[in-house]
A.B. asks: 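Mind having a look at this structure? Questions to follow.
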Amino acid sequence: MSDSGIGREKSKASLELLLKKHDQIEIEKVTTIRNFDEERRNSLFQVEQLKANRNKVSMEIAAKKKAGEPTEELISGMKKVSDQIKVYDEKIASIDSQLEEFLLTIPNIPHDSVPIGIGDLENPERERFGSPKKFSFPVKAHVDLGTKLGILDLERAGKIAGARLSVLMRKGAQLERAIISFMLDLHTREHGYSEVAPPLMVNSSSMRGTGQLPKFETDLFKLQNTDYYLIPTAEVPLTNLFSGEILGESELTIKFVAYTPCFRSEAGSYGKDTRGLIRLHQFDKVELVKFCRPDRSYEELESLLTDASKVLKLLGIPFRIVTLSTGDLGFAAAKTYDIEVWLPSQNTYREISSCSNFEDFQARRANIRFKGDGKGAKTAYVHTLNGSGLAVGRTWVAILENFQDESGKIFIPEPLRPYMGGATHLE
RNA sequence: GGAGAGAUGGCUGAGUUGGUCGAAAGCGCUCGACUCGAAAUCGAGUAGGCGAGUUGAUAGCUUGCCUCGAGAGUUCGAAUCUCUCUCUCUCCGCCA
């Protein structure tokens, strides 16, 4: 019996939900689910009747034994019933596990407001903030700026570890820490998030809960001879914090912020962003996670986006927000906004945050529910959301590139100075 | 890493010669009585999940099944016996 995790996805309500949207997932899959479910309900009904009988007769046996009456016929009759029960139980368990495996591979259904498109080229721009600065000299890339300043050492990173790993030195390391502190302070003090310091490795069950497993195992680093994976984002430990729990409605919305390193194998990204800090096996990120009532989740998505955007606004770095189209949407998300920051050396906007509403997709898999305080209060799945607030490494890059001068000096944005011992420049 | 103990309802904590135990008792909480009000006292209620019936109802009411860390097993029947796993605690060792 699996009553945790996506076991709940067998429920009538979830099936109806899928059926309602049948135009968006293959009819075949829906039919499969429907057949499975029907078979399961029939067996369940049969076995429950048998069990009711067994429970009743067991009590009779107990009573007769106490009275010293013979019980042989009853017991031998019950042996047959128990055998039948076993057959049905096995059948149900088999259906459950097949159904579960099957459901785990079905992606979330995009929200009605998500634009149709086949890839990132169809992602409409929603808003743009600030305008890229006109430089009167040839801009340098962050790798060159950082290396020259002695705050970034990719060569030695390659020596001690390998490609797609980095070493920040001196003021570069301090800047990383300043960015982290600034973001954490902003979100905890101004935006009402509670800070969490989660483990950087989690078990496979958590990875299933948020949707990384079973489909995306190759994107993860797994620790040998254990069930542990290095987290690809703090979303995983934070969202799973309440797995298998029923939260009080009055506690919602719950808002967490965490700074963690993130680990990604970046399998399949050969040749992409090979230079610099844009795409690494390990990078720092400040992550925002929310648990809320279903009817509030799209409001919460908007405020999540606002909270994340605030970081770049305060730093004074130009950025834009795009809405991911259906083709670019992640496996688990129902709707996603990307925040893209301006990178002068690439003359383009690059993703620095991804803010998503997963609706009840993760909540079903991780079995996270809530319940009202009233008498007739029902339990229902929460909605989960998360967004980067922001990717720290890419923020570091954006600061170097957007605030460089002709001599290679870097202007430190005002909000970070308190965290940099009052320094105004990196030089 | 070595040795040992344990995991029961919101909490504390009974229950281990298998049989009206989903579970004593206490605390907490809810409702009621008393009170001007409160405290104290007294009375009643108080785990979750999934189905079925009734209903306009995802309200109530009636009813079945499952759950005493998780999974598997023994048995007509398991919180109670066996095995595996997970976690917690104590002592020793080691260590940031």
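Naming: A, B, ... by sequence-line order, numbering from 1 per chain. Every value quoted in this text rests on a predicted model; they were computed, and no experiment measured them.
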A.B. asks: Is A:Ser82 close enough to B:G77 that one of its side-chain N or O atoms is under 4.0 Å from OP1 or OP2 there?
C.D. replies: yes

A.B. asks: Quantified in whole Å, what is the P atom distance between nucleotide B:U88 and nucleotide B:A72?
C.D. replies: 23 Å

A.B. asks: With P as the reference atom in both, quote the distance from B:A70 to B:A59 in angstrom, rounded to an integer.
C.D. replies: 29 Å

A.B. asks: From CD of A:Glu245 over to C1' of B:A47, roughly how many Å is that when rounded to an integer?
C.D. replies: 16 Å

A.B. asks: Can you tell me if A:Arg41 touches the phosphate of B:A52, counting only side-chain N or O atoms and a distance under 4.0 Å to OP1 or OP2?
C.D. replies: yes

A.B. asks: In whole angstrom, give the distance that lies between atom CD of A:Glu72 and atom C1' of B:G77.
C.D. replies: 15 Å

A.B. asks: Please state how far atom NZ in A:Lys51 lies from atom P in B:A52, giving the value in whole angstrom units.
C.D. replies: 17 Å

A.B. asks: Salt-bridge test for A:Arg54 and A:Glu48: reply yes if a basic N is under 4.0 Å from a carboxylate O, no otherwise.
C.D. replies: no

A.B. asks: In this structure, how many angstroms lie between the C1' atom of B:U58 and the NZ atom of A:Lys371, rounded?
C.D. replies: 14 Å

A.B. asks: Rounded off to whole Å, could you give me the CG-to-C1' distance for the A:Asp227 and B:A70 pair?
C.D. replies: 14 Å

A.B. asks: Rounded to whole angstrom units, what separation is found between the CD atom of A:Gln46 and the C1' atom of B:G51?
C.D. replies: 14 Å

A.B. asks: Taking B:A25 as the reference, what is the distance to B:C21 when you measure between their C1' atoms (whole Å, please)?
C.D. replies: 15 Å

A.B. asks: When the P atoms of B:U12 and B:U75 are compared, how many Å lie between them, rounded to an integer?
C.D. replies: 37 Å

A.B. asks: Counting only side-chain heavy atoms from C-beta out, which of B:G64, B:C66, B:G19 sits nearest to A:Glu48?
C.D. replies: B:G64

A.B. asks: Can you tell whether the side chains of A:Arg394 and A:Asp284 come within less than 4.0 Å, N to carboxylate O?
C.D. replies: no

A.B. asks: Regarding A:Lys65, tell me which of base, sugar-phosphate or nothing describes its non-hydrogen contacts under 4.0 Å with the strands shown.
C.D. replies: base

A.B. asks: Using a strict 4.0 Å threshold on nitrogen-to-oxygen distance, state whether A:Asp219 and A:Arg264 make a salt bridge.
C.D. replies: no

A.B. asks: State whether A:Tyr419 and A:Arg177 meet the cation-pi test: NZ (Lys) or CZ (Arg) under 6.0 Å from the six-membered ring centroid, and within 45° of the perpendicular axis.
C.D. replies: no

A.B. asks: Write down the distance separating the P atoms in B:G22 and B:C65, rounded off to the nearest Å.
C.D. replies: 11 Å

A.B. asks: In whole Å, measure the gap between the P atoms of B:G32 and B:C91 for me.
C.D. replies: 49 Å

A.B. asks: OP1 or OP2 of B:G64 versus the side-chain N and O atoms of A:Asn55: is any pair under 4.0 Å?
C.D. replies: no

A.B. asks: When we call it a touch if two heavy atoms are under 4.0 Å apart, what does A:Ile61 touch: a base, just sugar-phosphate, or nothing?
C.D. replies: base

A.B. asks: Show your working on salt bridge (charged side-chain N to carboxylate O under 4.0 Å, His left out) between A:Arg126 and A:Glu302 and close with a plain yes or no.
C.D. replies: CA-CA 12 Å; A:Arg126 174 182 134 141; A:Glu302 293 300 317; 3.0 Å; yes

A.B. asks: What distance separates A:Phe411 CZ from A:Glu427 CD, expressed to the nearest 0.5 Å?
C.D. replies: 13.0 Å

A.B. asks: Between B:C89 and B:U82, how many Å separate the two P atoms, rounded to a whole number?
C.D. replies: 25 Å

A.B. asks: Between A:Met59 and A:Ser76, just flag the one whose closest nucleotide in RNA chain B comes earlier from the 5' side.
C.D. replies: A:Met59

A.B. asks: Can you tell me how far C1' in B:C66 sits from the matching atom in B:A78, rounded to whole Å?
C.D. replies: 15 Å

A.B. asks: In terms of ring plane angle, is the pair A:Tyr193 and A:His191 parallel, tilted or perpendicular, where the classes change at 30° and 60°?
C.D. replies: perpendicular

A.B. asks: Do NZ/NE/NH1/NH2 and the carboxylate oxygens of A:Arg293 and A:Glu249 come within less than 4.0 Å?
C.D. replies: yes

A.B. asks: Rounding to a whole Å, what distance do you find between A:Tyr88:OH and B:C65:P?
C.D. replies: 17 Å

A.B. asks: Looking for any heavy atom pair under 4.0 Å, which part of the strands does A:Lys86 touch: base, sugar-phosphate only, or nothing?
C.D. replies: sugar-phosphate

A.B. asks: In whole Å, what is the span from the CD atom of A:Gln84 to the C1' atom of B:C65?
C.D. replies: 17 Å

A.B. asks: In which stems does RNA chain B show up, taking only runs of three or more Watson-Crick or G-U wobble pairs whose two distances fall under 3.5 Å?
C.D. replies: B:1-7 with B:86-92, B:10-12 with B:25-27, B:28-33 with B:41-46, B:47-54 with B:60-67, B:69-73 with B:81-85

A.B. asks: Using 4.0 Å as the upper bound for N to carboxylate O, is an ion pair formed by A:Arg350 and A:Glu340?
C.D. replies: no

A.B. asks: Between A:Asn53 and A:Phe45, name the one whose nearest nucleotide on RNA chain B is closer to the 5' end.
C.D. replies: A:Phe45

